[in-house]
Engineer: 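I'd like to ask you about the structure that follows.
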Amino acid sequence: MVARVIPVETFDLVIFGATGDLARRKILPGLYRRRKEGQIPEGAKIIGAARSNLTIQEFREQVAAALKEFVGPAALDASLVTDFLDSLAYVTIDAKGTGGWDDLAAQIRPGVVRAFYFSVAPALFGDIAQRLHQRGIADRASRIVVEKPFGKDLETARTLNAALATYFHEDQIYRIDHYLGKETVQNLMAVRFANILFEPLWNAQFVDHVQITVAETVGVGGRGDYYDTSGAMRDMVQNHMMQLLCLIAMEPPHCFEPDAMRDEKLKVIRALDPLKPGEFVRGQYRSEGADDYLVEADNPNSRTESFIAMKLHVSNWRWKGTPFYLRTGKRMKARASEIAVTFKEPPHSIFGESNQWRENVLVIRLQPDEGMDLRVMIKEPGPGGMRLKDVALDMSFAEALGNDVDIPDAYERLIMDVIRGNQTLFMRGDEVEAAWAWVDPVIDGWEQREDAPEPYEPGSTGPEGALMLMHRDGRRWREIRNGTA
Ligand code: BG6
């Protein structure tokens with residue numbers, strides 16, 4: 001099955017930080033792939049802007065190398081690559097000064113969609129926004145795209161929001177959370193709101209608990225400097241995990257429109273009870289070898305968590321009494337992200353004590369091997385009485401849709417949404433602030449108490465304390481396995 005591709009309008013896209021890691025790994029390869037799929041029209045122009053004093057030829061060579069490394073040989077078509085490189089322009093720019101802004105203004109064309117991607121440190125957001133506005137490079141219809149980290153606490157997030165709001169309206173600001181661009185994350189909404197099957201059961205009366213796991217095998221590697229001042233709570237929970245929780249817990253919006261969606265997500269964040277000590281466990285991977293967090297972060301005294309598990313309560317009519325358990329960590333046993341909704345026991349068993357009842361679980365696998373799995377009880381085949389067994393109704397999306405379906409990377413989809421002017425999968429300013437408002441007191445608490453994270457072995461499922469968090473409630477975490485339920 002081949003996905004339907006609807007071309008976007010012609011645009012000028014300026015990428016600030018065009019020589020940086022994100023541009024090389026995600027943005028430029030993503031744009032190439034969309035061009036290859038026919039979604040980007042020929043007249044579209046991509047303008048790289050960065051501090052480095054490069055000629056256009058040097059910039060094109062850098063981009064060619066990035067495509068080679070990150071697009072994959074099957075999708076690299078020599079003549080398309082040439083076309084793509086020809087559509088690039090480059091401007092050396094001083095984000096905080098005056099250099100390069102006239103050159104940039106000269107590159108921008110009237111009458112096409114204008115988008116500005118701030119793939120730079122958040123400290124530069126305000127300066128760039130100001131110059132775009134004051135020099136008339138951005139107009140009322142222009143869009144700006146900003147990356148995480150969007151602040152490191154509520155105060156810094158508010159400052160960033162205010163800096164952007166000085167020059168741009170909220171409907172022009174696209175705050176990226178790349179998890180919202182993932183195909184299966186959007187599938188969560190389809191599962192819930194395009195089927196009658198689950199929604200009637202989707203509440204505290206029928207759901208025992210929900211588990212959200214995002215496990216990674218990578219360590220903090222070359223990002224130690226950033227990560228050590230961030231930790232799993234700021235790096236993964238405040239944004240990605242919170243968004244997953246919102247999509248699972250929110251009320252059905254009246255339509256799939258940006259503000260309808262974002263209003264409902266915001267209500268979930270606001271309904272979260274404050275997290276108390278005892279409801280979370282922080283971990284740090286430790287080893288005698290090179291895969292030791294302290295070595296990778298180059299900070300022998302670090303108390304930063306590379307893992308966190310927590311038990312959340314959404315205090316509203318729908319969810320009162322159903323805990324949401326979240327965990328995420330680096331250097332874990334496998335790369336596996338999934339959401340598991342565990343349903344309650346039937347009110348009465350007609351099959352007697354000898355049949356051990358197992359709970360119904362709906363598992364939505366986000367990555368890898370995106371799919372869904374519903375565990376149900378059936379009769380064990382054969383004579384010998386009514387013995388029950390739980391089996392998985394397992395569906396891999398790749399198989400169900402035909403293996404040739406090409407799932408675009410989250411960034412590809414999100415950039416195309418920017419050009420289309422659709423903010424549904426982007427975070428609104430108040431959502432980001434609400435998430436920080438919930439996260440901040442938790443971090444303040446452990447910083448004041450000088451809590452040390454609990455060590456766990458690289459390649460494990462996290463610290464012992466995380467298992468206990470569940471055991472105390474008579475529940476257990478699902479196994480972390482590569483792409484399997
Ligand atoms: C990023 C975090 O936002 O998301 C990284 O900064 C993390 O630490 C990454 O590894 C995970 O994204 P994905 O798409 O690989 O699940």
Side-chain angles (χ1 to χ4, degrees), residues 17 20-27 29-30 33 70 117-122 145-152 157 174-188 212-247 282-285 291 293 296-297 302 304-308 326-339 364-371 407-415 425-427 431-432 435-436 439 443 453 458 462 480-483:
D21 196 48
L22 182 71
R24 271 171 42 75
R25 277 187 308 115
K26 294 286 183 185
I27 307 173
R33 279 192 290 260
F70 297 107
Y117 201 127
F118 294 15
S119 178
V120 294
V145 185
V146 292
E147 269 291 336
K148 68 167 273 239
F150 199 85
K152 60 186 245 314
Y174 290 69
R175 294 177 194 78
I176 286 212
D177 183 314
H178 79 280
Y179 265 57
L180 289 178
K182 288 182 190 275
E183 190 73 16
T184 18
V185 173
Q186 292 167 67
N187 236 324
L188 274 180
I212 306 181
T213 299
V214 177
E216 298 183 277
T217 49
V218 291
V220 299
R223 301 165 73 222
D225 276 356
Y226 149 76
Y227 194 90
D228 204 43
T229 58
S230 166
M233 186 69 147
R234 290 190 175 98
D235 185 55
M236 292 295 290
V237 176
Q238 185 273 343
N239 38 70
H240 309 323
M241 303 286 281
M242 195 68 94
Q243 289 294 320
L244 296 179
L245 170 74
C246 285
L247 297 180
R282 295 162 70 231
Q284 191 183 60
Y285 58 86
D291 55 352
Y293 179 85
E296 287 188 3
S302 174
T304 302
E305 76 287 355
S306 57
F307 171 98
I308 189 162
L326 274 56
R327 67 178 161 168
T328 180
K330 299 217 181 275
R331 284 223 184 277
M332 296 188 63
K333 194 175 164 198
R335 178 172 185 255
S337 302
E338 62 163 43
I339 296 171
I364 300 155
R365 293 192 301 271
L366 304 178
Q367 60 191 26
D369 183 24
E370 296 89 343
I407 297 184
D409 179 74
Y411 276 91
E412 295 175 43
R413 168 184 313 274
L414 293 174
I415 297 170
L425 300 177
F426 295 83
M427 290 179 299
E431 248 184 283
V432 178
W436 280 122
V439 160
I443 296 181
I480 298 176
R481 276 192 281 159
N482 257 325

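Every value quoted in this text rests on a predicted model; they were computed, and no experiment measured them. Remember, it's 1-based here, ligands and their atoms both numbered in the order they're listed. Just so it is clear, the values below take in all heavy atoms, side chains as well, and ignore hydrogens, waters and symmetry mates.
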Engineer: Does Glu183 use its side chain to pair, donor to acceptor, with the backbone of Pro408 at less than 3.5 Å?
Structural biologist: no
Engineer: Is a side-chain donor or acceptor of Glu296 paired with a backbone partner of Gly221 at a separation under 3.5 angstrom?
Structural biologist: yes
Engineer: Counting only nitrogen or oxygen atoms and a 3.5 angstrom limit, does Tyr226 reach ligand 1?
Structural biologist: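 Among all N and O atoms of Tyr226, none is under 3.5 Å from an N or O of ligand 1.
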Engineer: Taking only heavy atoms of Asp235 into account, list the atoms of ligand 1 that are under 4.0 Å away from them.
Structural biologist: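 Contacts of ligand 1 toward Asp235, numbered from 1: 2 (C), 5 (C), 6 (O), 8 (O).
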Engineer: Indicate yes or no: does Glu338 engage Arg365 in a salt bridge with an N to O separation below 4.0 Å.
Structural biologist: no
Engineer: In Å and rounded to the nearest 0.5 Å, what is the NZ to CD1 distance from Lys333 to Ile480?
Structural biologist: 7.5 Å
Engineer: Compute the minimum heavy-atom distance from Tyr227 to ligand 1 and say whether it is under 4.0 Å.
Structural biologist: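 Tyr227 does not count as a contact of ligand 1 under the 4.0 Å cut-off.
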Engineer: Among Arg223, Glu216, Gln367, Lys182, whose heavy atom sits nearest atom 7 (C) of ligand 1?
Structural biologist: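 The residue whose heavy atom sits nearest atom 7 (C) of ligand 1 is Glu216.
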Engineer: Under the side chain to side chain contact (heavy atoms under 4.5 Å, CB included) test against Val185, which residue among Ile364, Leu244, Asp177 passes?
Structural biologist: Leu244
Engineer: With backbone taken as N, CA, C and O and side chain as the heavy atoms from C-beta onward, which portion of Lys26 lies under 4.0 Å from ligand 1: side chain, backbone, both, or neither?
Structural biologist: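 Neither part.
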Engineer: For Lys330, counting its heavy atoms only, list the atoms of ligand 1 lying under 4.0 Å from any of them.
Structural biologist: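 Heavy-atom distances to Lys330 below 4.0 Å select 5 (C), 7 (C), 8 (O), 10 (O).
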Engineer: Near Lys148, which atoms of ligand 1 are under 4.0 Å from a heavy atom of that residue?
Structural biologist: 1 (C), 2 (C), 3 (O), 6 (O)
Engineer: What residue and heavy atom of the protein are closest to atom 16 (O) of ligand 1, and at what distance?
Structural biologist: Tyr179 OH, 2.5 Å
Engineer: Hey, which of Met242, Met236, Gln243 is the one that makes side chain to side chain contact (heavy atoms under 4.5 Å, CB included) with Tyr179?
Structural biologist: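 Only one option passes, and that is Met236.
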Engineer: Got the closest protein heavy atom to atom 12 (O) of ligand 1, with its distance?
Structural biologist: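 Looking at atom 12 (O) of ligand 1, the protein heavy atom closest to it is His178 NE2, 3.1 Å.
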Engineer: Which atoms from ligand 1 have a heavy atom of Arg335 less than 4.0 Å away?
Structural biologist: 15 (O)
Engineer: Show, in sequence, the C-alpha distance, side-chain angles and deciding distance for Tyr227 and Tyr293, and conclude whether the side-chain contact (heavy atoms from CB on, under 4.5 Å) test is met.
Structural biologist: CA-CA 10 Å; Tyr227 194 90; Tyr293 179 85; 3.5 Å; yes
Engineer: Which ligand 1 atoms, with their elements, are less than 4.0 angstrom from a heavy-atom of His240?
Structural biologist: 1 (C), 3 (O), 4 (O)
Engineer: Distance from Asn239 atom CG to Ile176 atom CD1, nearest 0.5 Å?
Structural biologist: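 The CD1 atom of Ile176 is 12.5 Å from CG of Asn239, to the nearest 0.5 Å.
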